[in-house]
S.K.: 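Please find one structure pasted underneath; my questions will follow.
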Amino acid sequence: MGDLPSTPTGATRALVRIDAQTWELPVTYREGMRVPGRVFIGERLLRDLEDDQALEQVANVAFLPGIVGYSLAMPDIHWGYGFPIGGVAATRVTDGVVSPGGVGFDINCGVRLVRTSLSEEDVRPRLSDLVAKLYRNVPSGIGSEGMIRLSGRDADDVMRTGARWAVNRGYGVAEDLEVTEEQGCMEGADPSAVGERPRKRGAEQIGTLGSGNHFLEVEAVDEVFDAAAAVAMGITGPGQVVVMFHCGSRGFGHQICEDYVRLISGILHRYRISLPDRQLACAPIESPEGRDYLEAMRCAANFAWANRQAILHATRQSFEQVFRSAWRNLGMHQVYDVSHNMAKIEKHDVDGQATLLCVHRKGATRAFPPGHPDLPERYRTIGQPVLIPGDMGRYSYVCVGGPDALRKSWGSACHGAGRVQSRAAAKRTLQGRDIRAELAERGIVAMARGWASLAEEATEAYKDVEEVVDVCVGAGLVRKVARLRPMGVVKG
Amino acid sequence: MPYRYLEHTADAGLTATGGTLAELFASAAEGLAALLCDTATVQPRESVEITASAPDVETLIVAWLSEINYRFEVEHFAFRSFDVHEISHTKVVATGLGERIDPARHVIGAQVKAVTYHQLKVKRTPGGWSARVIVDI
């Protein structure tokens with residue numbers, strides 16, 4: 001045994017080019033695929049896929065009963081477990097399945113963007129102090145509990161009402177909810193579908209960032225591409241300071257996924273489902289297990305929104321402490337909050353028929369175009385904000401849902417840059433280098449628990465997010481609004 | 001070393017070996033414990049009982065490692081080593097040695113979201129047993 005299979009799989013050679021940004025993995029690639037695969041990607045990014053299993057995973061997802069259209073992948077596709085990261089799959093509600101692994105362990109992992117009325121010149125002199133405050137007020141987790149401890153009653157409220165629970169506790173205001181996907185609360189969450197273990201894992205984790213690729217960054221607007229959309233978001237122009245953070249449902253969501261993968265993988269025979277990878281375990285959407293999973297998943301989604309709401313509160317407090325002014329005076333309004341690990345029941349056009357689908361987005365952001373009825377009033381004409389972090393040394397993007405997203409990707413786009421190096425490889429590459437000092441030389445103040453957390457997340461470990469975003473723009477999935485560059489970085 | 005880490009783009013892979021199934025499970029657990037917290041900084045001051053059960057040996061190793069991750073995250077117990085007392089293909093009973101996490105002394109590593117079934121393998125080898133597991137971090 002030993003190493004994982006990493007030789008070129010043949011999948012890259014089997015791809016058929018459809019247009020400049022679209023490649024198809026034919027349905028005949030492996031027996032058992034129900035639909036073809038479709039990958040939105042450029043030629044150079046495609047080369048990164050030759051060494052890993054991501055395209056095989058696109059083929060595996062095509063085995064899911066009830067899958068409609070294509071097993072899709074966004075340009076930040078990389079090797080995950082079960083689904084590829086960057087994978088999107090829609091299944092018919094009537095006869096399709098839901099796969100907990102197709103949502104992932106970090107249920108409702110997502111990104112939130114907050115603007116300020118401060119400029120880079122205002123913040124630069126106090127940047128170190130600000131980053132230190134944020135690092136302390138937004139703890140990473142293990143060994144440093146959050147500020148809130150959930151009791152049984154509170155926990156049920158968090159599960160049912162999400163970000164609203166946090167706002168009711170004083171961690172934010174109603175306007176924050178208006179600019180959060182689903183207003184920060186998914187209907188159909190049932191705490192009785194959640195066991196004891198997720199509750200215990202989540203009890204001390206509201207208001208915590210977690211580790212891995214989760215982060216909080218103070219950023220400056222670098223360039224604006226779409227002035228009208230930027231104005232609608234309160235983005236005023238280059239030099240404006242904003243805050244972006246990325247995290248999810250912490251141990252609470254991880255444990256829900258774990259519990260349901262275990263449960264469902266043990267009953268596949270009951271529904272006569274056979275799959276090429278155990279981690280894809282799935283159950284019919286209309287089965288008791290499928291329904292229970294979705295109810296529990298929505299509890300975790302709500303937990304994640306409560307978590308990001310509490311982090312927003314801690315962020316505002318940190319700015320208030322450093323700049324000695326109330327957050328409203330600092331113009332700290334939320335721009336948007338998007339989820340990129342979720343299964344949602346949505347109505348889409350399938351062969352001319354409005355059809356209820358369960359859209360799995362595993363490391364893919366919802367990207368609804370202008371005019372979509374689910375968008376908040378203020379973004380109705382520009383489209384849904386799509387927040388796409390890059391890496392801590394380069395830049396991130398703010399986009400909006402594009403004209404072809406509904407037709408091509410069930411209203412989905414990329415969620416980040418995508419890794420190109422494993423964590424171990426990144427640490428080897430960067431051995432002996434003082435990453436923090438290198439970032440500081442470029443004006444970026446970084447705080448992390450240790451050298452390894454910075455090395456694993458270094459620029460070298462990631463694709464260039466600009467290339468990834470350009471593919472999505474070319475495919476009509478998003479339009480660019482602004483580019484942001486990091487000034488201060490907090491890593492778990 | 002009875003365990004080593006594998007290259008996986010987003011996550012961490014672990015292979016472990018053991019002359020017996022009990023040794024295999026102890027090695028895999030030490031590999032996971034070392035990801036969670038630098039085991040050199042952990043003293044064997046306390047012991048905790050750990051049991052896991054599952055329908056077959058592959059799902060058992062996932063259940064076993066998941067249990068260790070859960071105890072680390074919820075009980076804040078950092079492990080140094082493991083003593084497997086009883087093992088079959090469907091059940092494991094063991095003692096974990098270590099101590100409560102003290103952020104001042106312990107070097108905490110990655111937070112492991114979960115142990116996955118992706119490319120999971122447990123098999124007999126000429127020298128005993130080997131396993132491959134991928135964890136999500």
Side-chain angles (χ1 to χ4, degrees), chain A residues 1-6 48 51-54 57 78-82 85 101 104-106 140-144 197 200-201 203-205 210-214 248 250-251 253-255 257-258 261-262 265-266 277-281 363 418-425 449-450 452-453 456 492, chain B residues 4-13 15-17 35-38 54-56 58-59 62-63 66-67 69-76 78 100-125 129-137:
Chain A
M1 179 158 10
D3 287 318
L4 295 163
S6 67
D48 292 334
D51 300 333
D52 74 21
Q53 297 286 307
Q57 294 187 318
H78 57 286
W79 182 14
Y81 44 85
I85 298 168
F105 289 101
D106 203 355
S140 63
I142 310 281
S144 56
R197 292 206 147 195
K200 283 198 172 142
R201 267 179 90 171
E204 296 174 346
Q205 294 182 334
S211 68
N213 61 359
H214 295 154
R250 310 285 292 108
H254 309 161
Q255 190 69 40
C257 182
E258 181 181 317
V261 170
R262 188 178 301 177
S265 68
D277 183 347
R278 220 165 186 166
Q279 190 64 36
L280 287 175
R419 289 192 78 89
V420 68
Q421 272 192 345
S422 71
R423 292 170 189 283
R449 226 163 11 173
S453 346
E456 290 178 4
Chain B
R4 63 190 183 89
Y5 299 114
L6 294 172
E7 299 290 318
H8 181 277
T9 319
D11 302 306
T15 55
T17 53
L35 266 182
L36 297 172
C37 180
D38 181 357
D56 56 64
E58 288 190 339
T59 44
V62 172
S66 301
E67 186 65 26
N69 188 42
Y70 178 82
R71 304 289 279 266
F72 176 80
E73 193 168 313
V74 172
E75 294 168 14
H76 302 171
R100 303 282 144 190
I101 296 171
D102 173 0
R105 281 189 300 116
H106 295 137
V107 180
I108 312 281
Q111 289 178 36
V112 168
K113 290 175 186 165
V115 182
T116 79
Y117 295 104
H118 178 56
Q119 296 192 333
L120 172 65
K121 267 266 183 298
V122 176
K123 68 173 193 182
R124 277 186 189 279
T125 60
W129 288 87
S130 75
R132 177 180 74 202
V133 180
I134 292 174
V135 301
D136 183 17
I137 56 180

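A, B, ... follow the sequence lines: proteins, then strands. Residue 1 opens every chain.
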S.K.: How close do A:R201 and B:K113 get, heavy atom to heavy atom, and via which atoms?
M.R.: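 Closest approach of A:R201 to B:K113, heavy atoms only: NH2-O, 3.2 Å.
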S.K.: Are any non-hydrogen side-chain atoms of B:Q111 and A:H214 less than 4.5 angstrom apart?
M.R.: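 The answer is no, as the side chains (C-beta and beyond) never meet within the 4.5 Å cut-off.
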S.K.: Please classify the contact of A:R250 with chain B as side chain, backbone, both or neither, using a heavy-atom distance under 4.5 Å.
M.R.: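 Only the side chain of A:R250 comes within 4.5 Å of chain B.
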S.K.: Does any backbone or side-chain atom of B:V107 lie under 4.5 Å from a heavy atom of chain A? Answer side chain, backbone, both or neither.
M.R.: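 Contact with chain A involves no heavy atom of B:V107 at all.
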S.K.: For A:S453, is it the side chain, the backbone, both or neither that has a heavy atom under 4.5 Å from a heavy atom of chain B?
M.R.: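 The answer is neither part of A:S453.
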S.K.: Is a salt bridge present between B:E75 and A:K200, judged by a nitrogen-to-oxygen distance below 4.0 Å?
M.R.: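 No, no charged N to carboxylate O under 4.0 Å.
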S.K.: Flag the pair A:R278 / B:T59 as yes when at least one side-chain heavy-atom distance between them is below 4.5 Å, and no otherwise.
M.R.: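 The answer is yes, as the side chains (C-beta and beyond) meet within the 4.5 Å cut-off.
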S.K.: What are the two closest non-hydrogen atoms of B:Y117 and A:Q279, and how far apart are they?
M.R.: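 Closest approach of B:Y117 to A:Q279, heavy atoms only: N-OE1, 2.6 Å.
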S.K.: How close do A:S211 and B:A110 get, heavy atom to heavy atom, and via which atoms?
M.R.: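 For A:S211 versus B:A110, the nearest heavy atoms are OG-C, 4.1 Å.
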S.K.: Is it the backbone or the side chain of A:E456 that comes under 4.5 Å from a heavy atom of chain B, or both, or neither?
M.R.: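 The answer is neither part of A:E456.
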S.K.: Just how far is it from atom CD1 of B:I108 to atom CZ of A:R449, taken to the nearest 0.5 Å?
M.R.: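 Reported to 0.5 Å precision, the distance equals 6.5 Å.
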S.K.: CZ/A:F105 to CG/B:D136 distance, rounded to the nearest 0.5 angstrom?
M.R.: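 The distance works out to 6.0 Å.
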S.K.: Who among A:N213, A:D277, A:L280 has the most heavy-atom pairs with chain B under 4.5 Å?
M.R.: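 Ranked by contacts with chain B, first place is A:D277.
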S.K.: Please classify the contact between A:A452 and chain B as side chain, backbone, both or neither, with a heavy-atom cut-off of under 4.5 Å.
M.R.: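 Contact with chain B involves no heavy atom of A:A452 at all.
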S.K.: Where does B:N69 contact chain A at under 4.5 Å (heavy atoms): side chain, backbone, both or neither?
M.R.: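 When you check distances to chain A, only side chain atoms of B:N69 fall under 4.5 Å.
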S.K.: Looking only at the side chains, is there a donor atom on one of B:E73 and A:H254 sitting less than 3.5 Å from an acceptor on the other?
M.R.: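 Judged by distance alone, the side chains do not pair up.
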S.K.: Are A:R262 and B:S66 close enough that some pair of their side-chain heavy atoms sits under 4.5 Å apart?
M.R.: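 Yes; the side chains approach each other to less than 4.5 Å.
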S.K.: If every non-hydrogen atom of A:Q255 is compared with every non-hydrogen atom of B:Y70, which pair is closest and at what distance?
M.R.: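 For A:Q255 and B:Y70, the tightest heavy-atom pair comes out as OE1-CD1, 3.7 Å.
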S.K.: B:A54 versus chain A, heavy atoms under 4.5 Å apart: side chain, backbone, both or neither?
M.R.: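 For B:A54, neither part sits under 4.5 Å from chain A.
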S.K.: Any idea which heavy atoms bring B:A114 and A:E258 closest together, and the distance?
M.R.: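 Result for this residue pair: CB-OE1, 4.2 Å.
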